[in-house]
Amino acid sequence: MPADIAIQFFLQLTVILAACRLAGIVAGRVGQPPVVGEMIAGVVLGPSLLGRIAPDLQAGLFPSGTSNIVLYTTAQVGLVLYMFVIGMNFDVDHVRQRAGTAAAVSATGTFAPLIIGALAAIPLLGGGEFFGEGVNLGMAMMFLGASIAITAFPMLARIIFEKGLTGTSLGTLALACGATSDAISWCILAVVLAVYKNSPMLAVLAIGGGVLYTVVVLTIGKRALAPMGAKAEQQQAISGSMLSTVLILLMACAWFTDTIGIYAIFGAFILGIAMPSGYFAGRLTDKIEPLTTKLLLPLFFVYSGLNTQIGLVNTPRLWAITAGLLIVAIVGKGVACAVAARISRVPMRESVALGALMNARGLIELILLNIGLQAGIITPTLFTILVIVAVVTTLMTSPIFELVYGRHRQPAEISQ
């Protein structure tokens with residue numbers, strides 16, 4: 001019954017918001033950004049912890065079926081709104097000024113982990129323990145490589161926001177590199193799914209449609225939106241009709257990019273970049289950001305955590321494989337990005353900080369992993385191992401960042 005679903009959903013919201021609030025406070029006490037606490041809260045509320053100590057309670061709170069579909073859908077809306085806000089505050093000029101560095105770090109931070117991750121798939125393929133039936137070596141290599149290469153773009157954006165790096169040179173460079181890396185990873189996933197399903201058009205649609213969407217929105221779309229920004233600045237207000245128009249465009253863009261297979265967050269992010277900057281972007285951010293980050297975004301982290309089962313990694317051999325993939329992930333992504341930045345003459349502290357930010361995978365990787373799990377490309381065991389890698393690399397980000405960069409920032413940098 002719809003009424004029963006609504007009652008269940010409001011209970012879930014209450015528990016999720018309370019848990020994320022508490023986890024955010026605890027995370028802050030130990031030097032982690034609140035977003036990391038929210039990520040862990042999702043795992044705690046799932047089968048990994050609550051499901052083990054109070055299975056009936058966990059099943060009652062988060063029953064499988066329609067209520068979880070509502071939770072998932074609402075979480076996607078929050079994620080789309082948040083990435084739209086990040087796009088509006090994305091400083092393209094900083095990227096232009098450091099285009100060479102962004103290209104070098106993006107290329108290294110994408111292809112180094114892709115290659116290393118692909119090689120790591122070779123010893124894991126046999127036996128059917130980690131990859132599904134019908135998965136050949138090429139597919140296994142591409143999928144694991146994409147999983148290692150991906151950056152937690154929404155989480156990276158949230159960490160940058162919480163660290164006061166929004167609009168700074170380092171923050172914008174990290175977002176540019178993260179966006180590029182993730183776009184390539186999603187395209188690789190589209191190729192894997194196309195090969196696995198014997199449907200080449202899936203890959204063509206994702207890659208071709210994504211490029212076309214980006215070009216159209218950042219050229220024709222940007223020019224078409226400019227008068228709305230000028231009108232808002234002239235009136236010193238964003239009217240209800242303007243807000244409605246923006247939201248309609250946002251949902252349409254999210255639908256389109258999700259449909260072609262490159263995920264809704266990239267449609268939202270690109271549309272955000274195309275929005276008029278200055279007064280319009282600032283006022284629109286003030287309207288959307290608070291409710292999105294405090295109410296809707298925590299649902300994304302919690303929903304992803306509900307699909308994680310840490311208990312599947314239960315032997316010394318599996319823990320050794322987990323440790324090995326963790327090392328592969330850190331070297332392939334974090335170390336490689338730091339080295340590439342340093343070679344591009346970025347100062348040492350900023351290079352290491354950039355490597356730490358790029359190494360965060362968070363729960364955006366769970367989206368990719370869930371797709372692979374549902375498609376039958378990977379098994380629940382490999383899914384869980386890669387979730388652990390995602391959590392650990394994300395937990396590393398803030399301490400390393402603060403050690404090498406955060407505590408050395410000047411007041412002028414923080415106020416940018």
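Because only heavy atoms are used, hydrogens play no part in the values below, and waters and symmetry mates are left out as well, while side chains stay in.
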Any side-chain heavy-atom pair from Leu81 and Leu247 closer than 4.5 angstrom? yes
Spell out, as yes or no, whether a donor-acceptor pair under 3.5 Å connects the side chain of Gln8 to the backbone of Leu61. yes
Any side-chain to backbone donor/acceptor pair from Lys333 onto Ala149? Under 3.5 Å, distance only. yes
Side chain to side chain contact (heavy atoms under 4.5 Å, CB included) between Phe84 and Val246: does it pass, once the steps are laid out? CA-CA 10 Å; Phe84 175 66; Val246 168; 3.5 Å; yes
Listed by chain and number, what are the salt bridge (Lys or Arg N to Asp or Glu O under 4.0 Å) partners of Arg223, not counting sequence neighbours? none
Output yes when a side-chain donor or acceptor of Thr108 lies under 3.5 Å from a complementary backbone atom of Cys337, and no otherwise. no
Note: Val135 and Ile377 closest approach over all heavy atoms is CG2-O, 3.6 Å
What's the separation between atom CG in Leu45 and atom CG in Leu57, rounded to the nearest 0.5 Å? 9.5 Å
d(Leu326 CG, Leu386 CG) to nearest 0.5 Å is 11.0 Å
Stepwise side chain to side chain contact (heavy atoms under 4.5 Å, CB included) test for Phe9 and Thr74: CA-CA 10 Å; Phe9 180 63; Thr74 309; 3.6 Å; yes
Spacing of Leu295 atom CG and Thr292 atom OG1 [to the nearest 0.5 Å]: 8.5 Å
Drop me the distance from Met251's CE to Ile248's CD1, to the nearest 0.5 angstrom. 10.5 Å
Side chain to side chain contact (heavy atoms under 4.5 Å, CB included) between Phe130 and Leu318, intermediate numbers included: CA-CA 11 Å; Phe130 301 107; Leu318 290 177; 3.8 Å; yes
Shortest non-hydrogen contact between Gly132 and Thr379, atoms and distance: N-CG2, 4.4 Å
Flag the pair Leu373 / Leu382 as yes when at least one side-chain heavy-atom distance between them is below 4.5 Å, and no otherwise. no
Could you check whether any side-chain N or O of Thr259 sits under 3.5 Å from a backbone N or O of Trp255, counting only pairs where one atom can act as donor and the other as acceptor? yes
Is the shortest side-chain heavy-atom distance between Leu271 and Tyr213 below 4.5 Å? yes
Can you give me the closest heavy-atom contact between Trp319 and Val313, atom names plus distance? NE1-O, 3.1 Å
So, Glu289 and Thr285: side-chain donor and acceptor under 3.5 Å apart, yes or no? no
So how far is it from Ile116 CD1 to Ile327 CD1, rounded to the nearest 0.5 Å? 12.0 Å
Closest approach of Gln12 to Pro63 (non-hydrogen atoms, all atoms of both residues): NE2-CD, 4.1 Å
Criterion side chain to side chain contact (heavy atoms under 4.5 Å, CB included) on Ile330 and Val392, from CA distance to verdict: CA-CA 10 Å; Ile330 294 170; Val392 174; 5.8 Å; no
Spatial distance of atom CZ (Phe266) from atom CD1 (Ile270) [nearest 0.5 Å]: 8.5 Å
Check whether any side-chain N or O of Ser351 sits under 3.5 Å from a backbone N or O of Val346 as a donor-acceptor pair, and report yes or no. yes
Would you say that more than 12 heavy atoms from the other residues, nucleotides or ligands in this model lie under 6.0 Å from the CZ of Arg342, or not? yes
Atom of Gly209, atom of Phe256 and distance for their closest heavy-atom approach: O-CE2, 4.1 Å
Less than 4.0 angstrom from a charged side-chain N to a carboxylate O is my criterion; do Arg317 and Glu129 meet it? yes
Closest approach of Ala41 to Ala19 (non-hydrogen atoms, all atoms of both residues): CB-O, 4.1 Å
Check whether Ser48 reaches the backbone of Ile310 with its side chain - one donor and one acceptor, N or O, closer than 3.5 Å. yes
